[in-house]
Amino acid sequence: MEEKRKKEEILELILNKLDELYGTAKEGFYHKEPWQLLTAIMLSAQSTDKQVEEVLPRLFQKYNTIQKIAQASTEEIEFYIRSVGLYKNKAKNIKKCCMQIVEEFGGQVPNNLDELLKLAGVGRKTATLFLADEYGIDGVTVDTHVFRVSKRLGWATGKNPTEVELELQKVLPKEHWNRINFQLIYHGRAICTARKAKCEICPLEKWCEKKILEKQKKK
């Protein structure tokens, strides 16, 4: 019982520190319609937010309705997003996804996970993030940074993103689900990096399970 209470106290300290460091709300991608946000999130895979933000104004000026981008050729879409990583594959998926939304959902992006996952190019991470950002639906979005940092902190042991997502839903208070993604992304990019974590400057170091276990082994 005492150990459980201690873990809960450490979790609260970490969450408070993340709120302090990175805030509780993020700036979303430039968009006016739900389909535009979904498109932006699809573009963001293996690309920087800056790269995505640079292509969105021209893309959405050219295709200002979902019907127009659904009817566009893949080559036309490629032209507007070519500075983004994997642009050829993304152009194909964006066109097909928008066609599906028009033909199967009357032009309205679904607001539930199961239907979103039926769309071309939309995986669990994209769908969960979209639902959180557009509709305010609580969900834990697990990308490479969230996967890595949450495991180092001792919050999860799962072998894949879905397992880690389910573990984090049990560990984290629901009001933290939506913001844990961007907080751990920022932390993972700046400090808790994949190759060599900068533990010496990490404000979470004293609560990090990985570091605690390493210190115990040295004793």
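Scope of the values below: all heavy atoms of this structure, side chains included, with no hydrogens, waters or symmetry mates.
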Would you check if F60 and Y80 make a side-chain contact, meaning some heavy-atom pair closer than 4.5 Å? no
Could you state whether L129 and L86 fall into the same hydrophobic cluster, counting links through intermediate Ile, Leu, Val, Met, Phe, Trp or Tyr residues with side-chain heavy atoms under 4.5 angstrom apart? no
If we ignore hydrogens and angles and just use 3.5 Å, is the side chain of R179 paired with the main-chain N or O of E175 as donor and acceptor? yes
Looking at N178 and G139, what are the two nearest heavy atoms and their distance? OD1-N, 2.9 Å
State, with a plain yes or no, whether a side-chain heavy atom of L56 is found less than 4.5 Å away from one of H31. no
Hey, does I185 have a side-chain heavy atom less than 4.5 Å from the side chain of R189? yes
Shortest non-hydrogen contact from C192 to A197? CA-CB, 4.2 Å
Taking the side chain as C-beta and beyond, is there a heavy-atom pair between K90 and M42 under 4.5 Å? no
Can you get from Y186 to L172 by hopping between Ile, Leu, Val, Met, Phe, Trp and Tyr side chains that sit under 4.5 Å apart? yes
Kindly give the heavy-atom pair with the smallest separation between V102 and A70, and that separation in Å. CG2-CB, 4.3 Å
Counting N and O atoms only, with roles assigned by atom type, does the side chain of S47 sit under 3.5 Å from a partner on the main chain of G85, one being a donor and the other an acceptor? yes
Same cluster for M99 and I81 if Ile/Leu/Val/Met/Phe/Trp/Tyr side chains link at under 4.5 Å? no
Determine, step by step, whether W207 and L153 satisfy the side chain to side chain contact (heavy atoms under 4.5 Å, CB included) criterion, reporting the C-alpha distance in whole Å, the side-chain angles of both residues, the deciding distance to 0.1 Å, and the verdict. CA-CA 7 Å; W207 305 306; L153 289 172; 5.9 Å; no
Could you check whether any side-chain heavy atom of L59 comes within less than 4.5 Å of a side-chain heavy atom of L43, counting everything from C-beta outward? yes
Any heavy-atom pair between the side chains of V140 and V164 that's under 4.5 Å? no
I'd like to know if the side chain of K32 reaches the main chain of N64, judged simply by a donor and an acceptor atom lying under 3.5 Å from each other, with no hydrogens or angles considered. no
Would you mind reporting whether I41 and S44 have side-chain heavy atoms less than 4.5 Å apart? yes
Is there a path of hydrophobic side-chain contacts, each under 4.5 Å between heavy atoms, that joins I212 and I14? no
Could you measure the distance from the CZ atom of F182 to the CG atom of L18? Nearest 0.5 Å is fine. 9.5 Å
Just how far is it from atom CG of L119 to atom CD1 of I94, taken to the nearest 0.5 Å? 12.5 Å
Rounded to the nearest 0.5 Å, what separation is found between the NE2 atom of H145 and the CZ atom of R148? 5.5 Å
Does K17 pair with E20 as a salt bridge, N-O distance under 4.0 Å? yes
Residues V146 and T141: closest non-hydrogen pair is CG2-O, 3.6 Å
Could you tell me how the ring of Y22 sits relative to the ring of H187: parallel (under 30°), tilted (30 to 60°) or perpendicular (over 60°)? perpendicular
Determine whether a donor-acceptor pair (N or O, by modelled atom type, separation under 3.5 Å) exists between the side chain of E76 and the backbone of S73. yes
Residue pair L21 / P203: nearest heavy atoms and the distance that separates them: CD1-CG, 3.4 Å
Go through it in stages, so that I can follow the logic: the residues are D143 and L184, the test is side chain to side chain contact (heavy atoms under 4.5 Å, CB included), and I'd like the CA-CA distance, side-chain angles, deciding distance and then a yes or no. CA-CA 9 Å; D143 68 353; L184 294 191; over 6 Å; no
Validation row: Y135, V109 side chains within 4.5 angstrom (heavy atoms): yes
Look at the side chain of R124 and the backbone N and O of T162, then say whether any donor-acceptor pair between them is shorter than 3.5 Å. no
So does E12 have more than 12 non-hydrogen atoms from other groups sitting under 6.0 Å from CD? no
If you count the non-hydrogen atoms of other residues, nucleotides and ligands that lie under 6.0 Å from CD in E8, is the total more than 12? yes
Does K95 reach the main-chain N or O of A72 with its side chain, forming a donor-acceptor pair under 3.5 Å? yes
Cluster question for you: counting only ILVMFWY and a side-chain heavy-atom cut-off of under 4.5 Å, with indirect links fine, are V142 and L113 together? no
Are any side-chain N or O atoms of Q183 and backbone N or O atoms of H176, one a donor and one an acceptor, separated by less than 3.5 Å? no
Between atom CD of Q108 and atom CD1 of I66, what is the distance when rounded to the nearest 0.5 Å? 8.5 Å
Do E163 side-chain atoms and K159 backbone N/O form a donor-acceptor pair below 3.5 Å? yes
Any idea which heavy atoms bring E167 and W155 closest together, and the distance? CB-O, 4.4 Å
From T128 OG1 over to L116 CG, what is the distance, rounded to the nearest 0.5 angstrom? 9.0 Å
Does E205 reach the main-chain N or O of K211 with its side chain, forming a donor-acceptor pair under 3.5 Å? no
If only atom types and distance count, is the side chain of K151 paired as donor or acceptor with the main-chain N or O of G158 below 3.5 Å? yes
Quick check for you: to the nearest 0.5 Å, what is the distance between L38 atom CG and D133 atom CG? 11.0 Å
